[in-house]
Engineer: 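Dropping the structure in here first, questions after.
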Amino acid sequence: MKNTKDTMKVTLHPDWDEIEPLRLQAHDFFGSHGLSGNTIQSLVMVLGELLENSVKYGSYKVLNGQINISINITKKIITIEVTNPIDDSNLDDLKRLDQMIQWVRGYQDPFEAYIERLKEVAKKPLHDKESGLGIVRVAYEGDVILDFFVSEDNLLTVSAVLTR
Amino acid sequence: MDREEYTFQALLVDDKGKIPIEAKYSAKFAVQIKFLDDQIREDGYEFRNLVFIIDDEQVDLGPCRFLTQSEGDGHAGYLFFVGDIYDLDSLLFHKKKVILQGPFGNLPIILEHKHKIRQQFKDYTASLTYDLSVYKNLFDSLDAEYAFEPEMVRKVVQQTIIANEGKTFFEYFDSQLRELQRIVADFSKEEHERHGFYFRKQVWNYITLTPFMRRTNLKPRGYSGDSAMMRMIYIKEELGDSTFSKLLHKHCIERPAAEAVRNRRTLIANTLINKLSNSVLSPGERFKVLSVACGPAFEIQDLLSNPKDCEIYDFTLLDQDKAALAEAASLVGQIELNLGARIKVGYLQESVRTMLSTLRLASKLGQFHFIYSMGLFDYLTPPVARAVLWNLYQLLQPEGEMIVGNFHVSNPNRIYMEYWGDWVLYYRTEEEFFNLLKSGAEAARSTTFDETGIQMFLQIKRLR
Ligand SMILES: Nc1ncnc2c1ncn2[C@@H]1O[C@H](COP(=O)(O)OP(=O)(O)O)[C@@H](O)[C@H]1O
Ligand SMILES: [Mg+2]
């Protein structure tokens with residue numbers, strides 16, 4: 001854990017109960033940089049969605065598998081990165097995430113992706129409860145640019161960039 | 001099973017209770033039924049609810065109306081939905097509940113989205129669409145005049161119109177784009193997005209009329225900048241069903257931003273050949289080249305002009321898109337045919353974002369003398385761009401070189417691309433681009449530009 005004035009780094013256990021305290025901590029961190037209430041709220045929402053995905057989809061079979069969070073604030077951009085381990089069972093997740101992120105970013109206005117996605121979600125499979133709205137909502141309501149990358153040691157980092 | 005033969009048990013509900021029926025799929029939005037209680041219902045009778053049992057679960061489909069049939073095939077008649085209209089194809093054969101009118105549910109937020117559009121922008125758009133429709137009518141009426149001329153005559157007449165009146169239209173259109181640029185100059189990111197959405201709704205007819213913009217907007221492969229778009233830019237082919245659509249298409253692919261794309265193709269080839277001539281290969285060793293997000297790989301033609309050239313290279317072409325790799329492969333096949341020689345080339349369908357976990361890239365591919373990637377970094381945000389660049393760097397042999405491209409923030413066609421084309425890139429300054437490589441790298445690096453100043457290159461040489 002290394003924290004400077006402009007960077008906040010935290011490690012989490014993949015546990016739903018850990019999300020809320022971290023959201024509060026991030027809230028304070030953003031606040032200490034003088035961001036507007038709206039911006040703080042949407043960034044905390046973004047962080048929350050990314051964390052939920054990490055808890056939900058990460059593979060923690062490896063010893064001490066955990067989630068790493070890094071938030072960095074510079075004059076021009078704010079970057080949120082959430083990292084979780086994955087394994088071969090995640091191949092379909094990676095494909096879905098890859099497609100989803102490129103598709104969302106294909107629209108100048110993420111609102112359009114949001115509408116399209118709502119239409120899709122309305123066509124509910126009778127037995128499926130997944131929403132598949134998280135990423136799209138993050139892009140639309142958080143107005144961040146999403147991206148992700150998998151490193152050689154099978155760590156998936158989803159990042160959200162807010163340009164100022 | 002044949003859909004038309006699909007029959008099943010269901011229930012109808014009215015004030016008196018439940019009526020068992022046998023239903024038969026008859027169309028996407030109607031079923032044919034028999035009542036199993038032997039009572040007769042009159043034409044137009046309405047039921048409160050129609051209930052299907054699917055996988056032991058009760059699925060309520062709401063009110064529907066009964067219409068009797070005259071043909072005597074044993075059925076009493078048809079049921080039609082009177083409230084929500086369910087798509088029975090989806091429901092019965094894909095187990096998905098799809099309501100025909102579903103999208104109307106989003107109507108309020110879509111209509112809401114037009115608030116917060118600035119008045120000046122609305123005025124601009126209204127005046128623009130008026131003018132465009134005037135231009136379109138004029139060009140269309142000219143087209144109608146010579147529509148029945150022999151093909152050759154039609155062609156020549158059209159070329160003349162494109163060269164003369166087309167030029168006038170271009171001047172008008174350019175001035176409108178300058179005006180658009182002026183109006184949105186101080187917009188925030190969110191305002192650009194919202195106004196762009198509004199704008200495309202107004203000019204949608206003209207977008208779909210224009211082959212190039214139609215594709216950049218619809219993105220049939222799910223992402224921007226696919227190989228078919230690149231092809232349109234590279235080949236500069238005349239496309240469009242009418243003079244006016246040809247003009248709009250031509251306007252797009254003649255912009256400096258498109259010129260920059262064409263420029264980078266030759267620049268890559270030159271840089272590569274230059275590197276090759278400065279490299280010492282051991283006997284039998286080939287010059288290993290990796291193209292990342294290769295697209296149609298047009299530049300390969302520029303590298304191979306005779307059979308001898310084919311013996312020098314060992315290409316690896318990587319792209320996420322099967323269709324792009326297929327285009328590249330067919331181009332390679334064509335070159336092989338023309339030169340009567342074999343080209344050593346491997347194709348990898350991989351996403352740059354996930355390739356490390358799926359591929360174990362380095363151990364599988366070895367290292368390269370030369371790596372290039374043109375239309376990729378324009379889509380990567382800083383954290384991902386840094387990670388990808390670092391990994392590509394590690395795929396370089398000592399002394400190996402890499403060149404990657406990125407559009408510069410000053411792209412004069414940025415607003416045109418974003419508002420008309422729904423095509424957004426991650427633009428970088430020279431400094432941001434230069435600093436993408438981690439400080440740990442022992443490398444020499446420099447940035448350069450193409451003639452338009454839009455296409456920026458980062459050139460990296462691995463020292464050790
Ligand atoms: N941290 C992650 N690790 C692995 N897969 C992920 C991760 N985040 C997202 N995904 C994949 O991307 C898909 C889309 O995510 P999202 O839009 O949040 O929808 P949802 O969470 O409702 O499934 C997920 O269904 C999952 O397959
Ligand atoms: Mg989610």
Engineer: Looking at B/Phe199, is its backbone amide N or carbonyl O close enough to the side chain of B/Gln202 to form a donor-acceptor pair, meaning the two atoms are under 3.5 Å apart?
Structural biologist: no

Engineer: In terms of heavy-atom proximity below 4.5 Å to chain A, should B/Ser224 be classed as side chain, backbone, both, or neither?
Structural biologist: side chain

Engineer: Side chain, backbone, both or neither: which part of B/His94 has a heavy atom under 4.5 Å from chain A?
Structural biologist: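 Neither; nothing under 4.5 Å.
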
Engineer: Is the shortest distance from a Lys or Arg side-chain nitrogen in B/Asp378 or B/Arg428 to a carboxylate oxygen in the other one below 4.0 Å?
Structural biologist: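 A salt bridge is absent here (no side-chain N lies under 4.0 Å from a carboxylate O).
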
Engineer: Can you tell me which portion of B/Val352 sits under 4.5 Å from chain A's heavy atoms? Options are side chain, backbone, both or neither.
Structural biologist: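 Only the backbone of B/Val352 comes within 4.5 Å of chain A.
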
Engineer: For B/Tyr419, is it the side chain, the backbone, both or neither that has a heavy atom under 4.5 Å from a heavy atom of chain A?
Structural biologist: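 Both backbone and side chain of B/Tyr419 come within 4.5 Å of chain A.
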
Engineer: Looking at A/Asp98 and A/Lys95, is there a salt bridge between them, counting it only when a charged N and a carboxylate O are closer than 4.0 Å?
Structural biologist: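 Result for this pair is no, no salt bridge flagged.
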
Engineer: Report which part of B/Lys219 has an atom under 4.5 Å of a heavy atom belonging to chain A: side chain, backbone, both, or neither.
Structural biologist: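 For B/Lys219, the side chain is the part near chain A, not the backbone.
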
Engineer: Could you pull out all donor-acceptor pairs under 3.5 Å where a side-chain atom in residues 13-20 of chain A meets a protein atom, sequence neighbours excluded?
Structural biologist:
from: A/Asp15; atom 1: OD1; to: A/Asp17; atom 2: N; distance (Å): 3.1
from: A/Glu20; atom 1: OE1; to: A/Arg23; atom 2: NE; distance (Å): 3.2

Engineer: Does anything in residues 103-111 of chain B get under 4.5 Å of chain A by heavy atoms, and if so which residues?
Structural biologist: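 B/Pro103, B/Asn106, B/Ile109, B/Ile110 fall under the 4.5 Å cut-off.
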
Engineer: Side chain from CB out, backbone as N, CA, C, O: work out which of these in B/Asp87 comes under 4.5 Å of a heavy atom of chain A, or both, or neither.
Structural biologist: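 Contact with chain A: none, neither part.
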
Engineer: Anything in residues 73-81 of chain A with a heavy-atom distance to chain B below 4.5 Å? Please list those residues in order.
Structural biologist: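 When heavy atoms of chain B are the reference, residues 73-81 of chain A contributes A/Lys76, A/Ile77, A/Thr79, A/Glu81 within the under-4.5 Å range.
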
Engineer: Within residues 38-51 of chain A, which residues come under 4.5 Å of chain B, heavy atom to heavy atom?
Structural biologist: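 So no residue qualifies.
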
Engineer: Under 4.5 Å heavy-atom distance to chain A, tell me which part of B/Glu191 shows up: side chain, backbone, both or neither.
Structural biologist: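 Answer is neither: B/Glu191 stays 4.5 Å or more from chain A.
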
Engineer: Examine whether an atom of A/Tyr107 lies under 4.5 Å from a heavy atom of chain B, and if so say whether it belongs to the side chain, the backbone or both; otherwise answer neither.
Structural biologist: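 Contact with chain B involves both backbone and side-chain atoms of A/Tyr107.
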
Engineer: So for B/Arg200, is it side chain, backbone, both, or neither that comes closer than 4.5 Å to the heavy atoms of chain A?
Structural biologist: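 The answer is the side chain of B/Arg200.
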
